**Student:** 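Can you read through this structure? Questions will come right after.
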Amino acid sequence: MTTTTQTRNAESARSTITTRRRGDVQRWSLTLIPTTKEAPADAEAPSHKLLVRAGFIRRVGAGIYDYLPLAWRTLGKISDIIRQEMNAAGACEMLMPAMEPLELFADTKRDIDYGDNLFRVTDRHGRANALAPTHEEVITELMKGSVASYKQLPLNLYQIQTKFRDEFRPRSGLLRGREFIMKDAYSFHMKLEGAGGLDETYEKMRTAYTNTFTRCGLDFSVVEAEAGPIGGSASHEFMVNCETGEDIILKCPETGYAANVEKCEIGHRPHDFSGDPTGDLEKVHTPKMASIEDVSRFMKVKSPNMLKTIVLARSDEQRGWVVAVVRGDHEVNEGKVKDAVGFPLAMADEAEAKAAGFAIGFVSPRAARSVGALLVVDPDAAQGTDRDKGKPSFWATGADEVDHHVKHFNWRRDMGEFLDSDNAIVADIRNARAGDPSPRAVGAALTEGRGVEVGHIFKLGTKYSRAMGFLVQDESGDRNAVIMGCYGIGVSRTLAACVEMSHDDNGIVWPMALAPYHALVTVMKVDNAEHMAHADRIAGELADAGFDVLIDDRDDRPGSKFKDADLIGIPIRLTLGDKALEQGGVEFKLRTDPGKGEVVAMESIVGRCLEAANAAEHCR
RNA sequence: CGGGGUGUAGCGCAGUUUGGUAGCGCGCCUCGUUCGGGACGAGGAGGUCGAAGGUUCAAAUCCUUUCACCCCGACCA
């Protein structure tokens with residue numbers, strides 16, 4: 001550090017309260033940034049390769065990584081944004097232990113639900129402990145002993161902390177590790193609606209999450225996810241959009257509606273059972289071919305011309321069968337079937353279904369009538385006429401006889417009046433896919449995208465409070481189970497997702513908000529005292545303006561320094577060398593700019609950088 | 001948990017079929033020449049060949065056992 005920098009630091013250290021943040025200045029030679037030309041052989045995902053190559057992370061064990069200085073700085077920036085948004089939304093930070101006694105799971109049985117994914121640790125006395133995967137039990141236990149009156153609620157508490165999950169298969173570097181950094185928040189309420197209710201906090205969290213990821217400079221989608229125990233839109237996932245994402249999401253290009261595959265609704269699709277038969281029912285011997293693909297290939301019938309018939313069993317107190325029918329190339333969505341029939345159900349036990357008379361693997365819609373079941377047909381399967389071709393629909397389906405299928409199935413002829421009875425309904429019961437009509441805009445088609453889940457908020461209801469006996473007295477003196485919400489952000493995963501979303505052939509391209517340093521001062525001749533003095537002065541001025549600055553003071557060849565600069569992805573590069581100095585300036589180049597950049601006069605550098613930083617804010 | 005694969009220098013790899021005392025590229029150290037997009041020359045350091053046991057005069061190499069890691073699938077509040 002130069003004397004000027006030291007003096008400035010000393011000055012800011014003297015004041016007890018600062019209203020503006022002074023940026024950091026760091027010399028490359030005094031930190032650890034071990035860049036490499038080659039990525040480890042086992043890395044596949046772009047973020048994994050680049051984070052290792054750029055010296056952000058190093059593998060310690062399967063799914064366990066060191067966060068090196070650059071990574072730690074970026075994680076700090078993500079955490080800072082999260083803290084600001086959480087605090088602004090009325091949540092309060094605390095810290096719980098990473099380890100917890102296994103006894104805490106006694107009431108919720110989550111140790112069983114989690115199974116082998118729960119890291120277990122036995123201490124010297126033989127006590128069973130767990131490394132926490134999340135903290136519902138710990139915080140509920142805390143609240144149980146600290147909150148006894150409705151007057152103390154609502155509350156929303158959060159922490160940023162390392163979490164553990166003994167994944168079967170850790171992969172893709174930071175995207176799915178066994179140890180990861182997470183922000184988890186838990187809110188507590190006496191009611192769902194109105195002031196102080198769960199719904200209110202949930203909406204605040206949804207806004208806070210949207211603000212957080214927007215400020216991080218991420219391109220993301222908010223998608224409706226599987227409903228929680230309360231139902232409705234009780235759960236949202238925040239997905240960073242990128243090709244390499246593990247999760248598939250569907251979006252309506254006109255309304256912004258987005259949902260994951262499980263949850264996505266499909267817009268109106270007309271249906272009509274009427275239409276002439278395409279021929280007499282023709283039974284075909286299809287030995288041991290129970291799958292659509294096998295039968296399709298064998299009978300030379302395309303899967304969209306087949307009916308896929310799934311047998312489900314009612315899973316509440318009442319007994320009963322449900323036969324769900326979709327087109328051969330579609331997938332039955334159990335959740336949607338459940339919503340359509342109005343009672344819980346599950347895939348039928350094969351033995352029981354066979355005993356009841358279903359030829360499992362060779363079932364046709366006719367079985368609903370002959371065996372006695374509620375028939376639910378997806379609109380795309382409920383067609384007597386092929387609309388596109390304007391002629392009767394050709395259907396192949398099971399023969400309700402082991403090892404046989406039939407061709408020329410016709411809804412009217414083969415099902416008769418059963419279709420008009422209360423035991424036959426048509427409803428959206430399949431998974432959505434790209435090209436399906438949007439449920440929110442007539443004429444719009446859903447598009448498919450991929451993403452990495454970085455945030456998830458949901459309404460827990462009273463699952464944990466009931467299980468653990470967290471009851472609080474309300475105004476009338478009654479003791480009620482507290483209603484909870486829970487809100488998570490994968491902090492370390494956000495770091496990796498950002499790299500997945502934003503990189504090029506040369507390396508990482510950080511958004512300004514998450515970059516470990518905003519600017520990199522690349523000094524060409526580090527043994528030239530005058531040049532170094534310029535670098536220190538420029539860095540100091542930038543730091544005063546709030547920029548975090550890294551000075552590349554390594555005595556290395558220009559080529560490798562430029563390559564490293566691109567690799568670690570600092571947004572602004574200032575090159576200090578003879579060429580620009582002769583013109584009284586330095587070279588200014590954004591990571592996203594091609595070429596060598598432009599010469600900017602010394603006195604204009606800070607202004608030029610501020611301009612770039614602000615432009616970056618706005619374009620996100 | 002099923003299928004496939006890999007463990008040799010910090011990283012990337014060859015050598016294993018056919019046993020003979022360990023090599024290449026990058027990186028690192030020293031010296032010199034270089035110096036605006038991963039320089040060149042000369043010299044040098046660095047390896048219990050994942051571990052244990054066995055066969056053999058001799059094992060990275062053959063045999064047995066074991067451990068670790070990766071990829072695909074299944075799974076994933």
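Worth knowing before you read on, the calculation uses all heavy atoms, side chains too, and leaves out hydrogens, waters and symmetry mates. Numbered from 1 within each chain, the chains take letters A, B, ... in sequence-line order. Only a predicted model underlies this, so the values are computations on that prediction, with no experimental measurement involved.
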**Student:** How about CE on A:M99, more than 12 heavy atoms from neighbouring residues, nucleotides or ligands closer than 6.0 Å, or not?
**Tutor:**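 For A:M99, atom CE is not crowded (no more than 12 foreign heavy atoms under 6.0 Å).
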**Student:** At under 4.0 Å between heavy atoms, what does A:R58 touch on the DNA or RNA strands: base, sugar-phosphate, or nothing?
**Tutor:**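 Here A:R58 touches no strand at all.
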**Student:** Does the structure show a Watson-Crick or G-U wobble partner for B:G73, both distances under 3.5 Å? Name it, or say none.
**Tutor:**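 Across any shown strand, B:G73 pairs with B:C1.
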**Student:** Once hydrogens and angles are ignored, does a donor-acceptor distance under 3.5 Å link the base of B:G37 to the side chain of A:D566?
**Tutor:**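 It does, because a donor-acceptor pair links the side chain of A:D566 to the base of B:G37 below 3.5 Å.
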**Student:** Which of these nucleotides, B:G12, B:C71, B:G38, is closest to any side-chain atom of A:A41?
**Tutor:**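 Of the candidates, B:G12 comes closest.
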**Student:** Over how many whole Å does the gap from A:F119 atom CZ to B:C76 atom P extend?
**Tutor:**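 Rounded to the whole Å, the gap is 19 Å.
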**Student:** For A:A565, report the nucleic acid contact type (base, sugar-phosphate, nothing); a contact means any heavy atom under 4.0 Å.
**Tutor:**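 Nothing: the residue A:A565, judged by heavy atoms under 4.0 Å, touches no strand.
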**Student:** Taking only the C1' atom of each, what is the distance from B:G7 to B:U66 in whole angstrom?
**Tutor:**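 So the two C1' atoms sit 14 Å from each other.
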**Student:** Consider the side chain of A:H456, meaning its heavy atoms from C-beta on, and name the nucleotide among B:C71, B:G36, B:A77 that approaches it most closely.
**Tutor:**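 Among B:C71, B:G36, B:A77, the one nearest the side chain of A:H456 is B:A77.
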**Student:** Distance check, C1' atoms only: B:C24 and B:G15, in whole angstrom units.
**Tutor:**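 To the nearest whole Å, 10 Å.
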**Student:** Considering only the C1' atoms, how many Å lie between B:A14 and B:G23, rounded to the nearest integer?
**Tutor:**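 Roughly 7 Å separates the two C1' atoms.
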**Student:** On a whole-Å scale, what distance lies between the P atoms belonging to B:U17 and B:A60?
**Tutor:**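 Those two atoms are separated by 12 Å.
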**Student:** Where does the angle between the aromatic ring planes of A:F470 and A:F188 fall among parallel (under 30°), tilted (30 to 60°) and perpendicular (over 60°)?
**Tutor:**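 The arrangement is perpendicular - the two ring planes meet at more than 60°.
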**Student:** Quickly work out the A:E38 CD to B:C28 P distance and round it to whole Å.
**Tutor:**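 A:E38 atom CD is separated from B:C28 atom P by 14 Å.
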**Student:** With nearest nucleotides of RNA chain B determined for A:E44 and A:F180 from heavy-atom distances, which residue corresponds to the more 5′ nucleotide?
**Tutor:**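 Nearest nucleotide further toward 5': that of A:E44.
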**Student:** Write down the distance between CD (A:E587) and P (B:G36), rounded to a whole number of angstrom.
**Tutor:**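 Computing the A:E587:CD to B:G36:P distance gives 12 Å.
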**Student:** Could you give the CZ-to-P distance, from A:R171 to B:C75, as a whole number of Å?
**Tutor:**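 That distance rounds to 11 Å.
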**Student:** Atom CZ of A:R53 to atom P of B:C11: distance rounded to whole Å?
**Tutor:**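 So the two atoms are 16 Å apart, to the nearest Å.
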**Student:** Is there a donor N/O on one and an acceptor N/O on the other, under 3.5 Å, for the side chain of A:D564 and the base of B:G38?
**Tutor:**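 Indeed there is one.
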**Student:** If we take the C1' atom in both B:A52 and B:C57, what is their distance in whole Å?
**Tutor:**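 So the two C1' atoms sit 23 Å from each other.
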**Student:** What's the closest nucleotide to the side chain of A:K563 if the choices are B:G37, B:C26, B:C76?
**Tutor:**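 Of the options given, the side chain of A:K563 lies nearest B:G37.
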**Student:** For A:K191, is the NZ atom crowded, meaning more than 12 foreign heavy atoms sit under 6.0 Å from it?
**Tutor:**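 Above 12, so yes.
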**Student:** Applying ring-ring contact (aromatic ring centres under 6.0 Å, His included) to A:F458 and A:H456, what does each step give before you reach the verdict?
**Tutor:** CA-CA 7 Å; A:F458 53 108; A:H456 196 166; 4.9 Å; yes
**Student:** Between B:U56 and B:U64, how many Å separate the two C1' atoms, rounded to a whole number?
**Tutor:**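 Each nucleotide's C1' atom is 16 Å from the other's.
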**Student:** For this output row, return yes or no: ring centroids of A:Y65 and A:W72 closer than 6.0 angstrom.
**Tutor:**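 Not close enough - the centres of the two rings lie 6.0 Å or further apart.
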**Student:** Which of parallel (below 30°), tilted (30 to 60°) and perpendicular (above 60°) describes A:F164 and A:F119?
**Tutor:**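 A:F164 vs A:F119 ring planes: perpendicular.
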**Student:** Look at the side chain of A:R59 and the base of B:C69, then say whether one donor and one acceptor between them are separated by less than 3.5 Å.
**Tutor:**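 In this structure, the two groups form no donor-acceptor pair.
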**Student:** A:E167 has an atom CD; how far is it from atom C1' of B:C1, in whole Å?
**Tutor:**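 Distance, rounded to whole Å: 14 Å.
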**Student:** Just call it for A:P34: base, sugar-phosphate, or nothing, with non-hydrogen atoms closer than 4.0 Å on any strand.
**Tutor:**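 Nothing, no heavy atom under 4.0 Å.
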**Student:** Starting from C1' on B:C35, measure out to CG on A:D552 and report it in whole angstrom.
**Tutor:**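 My rounded result for the distance is 14 Å.
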**Student:** Indicate the ring-plane relationship of A:F547 and A:H518, choosing parallel, tilted or perpendicular according to the 30° and 60° boundaries.
**Tutor:**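 Perpendicular.
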**Student:** So which nucleotide does B:A45 pair with, by the Watson-Crick or G-U wobble rule with both distances under 3.5 Å?
**Tutor:**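 Pairing partner, where one exists within any strand: none, as none qualifies.
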**Student:** Output the single nucleotide from B:A77, B:G38, B:C76 whose closest atom is nearest the side chain of A:L567.
**Tutor:**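 Selected nucleotide: B:G38.
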**Student:** Write down the partner of B:A68 under the Watson-Crick or G-U wobble criteria, each distance required to be under 3.5 Å.
**Tutor:**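 Because both required distances fall under 3.5 Å, B:A68 counts as paired with B:U6.
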**Student:** Do the side-chain N or O atoms of A:R557 get closer than 4.0 angstrom to the phosphate oxygens (OP1, OP2) of B:A39?
**Tutor:**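 Indeed, a polar side-chain atom of A:R557 lies that close.
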**Student:** Can you tell me the pairing partner of B:C24 across any strand shown, Watson-Crick or G-U wobble, with both distances under 3.5 angstrom?
**Tutor:**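 B:C24 is paired, partner B:G12.
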**Student:** A:R591 side chain to A:G569 main-chain N or O, any donor-acceptor pair under 3.5 Å?
**Tutor:**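 No: the side chain of A:R591 does not pair with the backbone of A:G569.
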**Student:** Identify, between A:P40 and A:R110, the residue whose nearest nucleotide on RNA chain B lies closer to the 5' end.
**Tutor:**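 Between the two, 5'-proximity favours A:P40.
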**Student:** With rounding to the closest Å, how many angstrom separate the C1' atoms on B:A58 and B:C40?
**Tutor:**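 Approximately 43 Å lies between the C1' atom of B:A58 and that of B:C40.
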**Student:** Which nucleotide sits closest to the side chain of A:S560: B:C70, B:C35, B:G38?
**Tutor:**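 Looking only at side-chain atoms, A:S560 lies closest to B:G38.
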**Student:** Taking the C1' atom in each of B:A9 and B:G50, what is the distance between them to the nearest angstrom?
**Tutor:**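 15 Å, rounded to whole Å.
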**Student:** Is B:G37 paired to anything, Watson-Crick or G-U wobble with both distances less than 3.5 Å, and if yes, which nucleotide?
**Tutor:**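 Its partner: none found.
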**Student:** Could you tell me how far apart A:D556 (CG) and B:U34 (P) are, to the nearest whole angstrom?
**Tutor:**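 So the CG-P distance, A:D556 to B:U34, works out to 18 Å.
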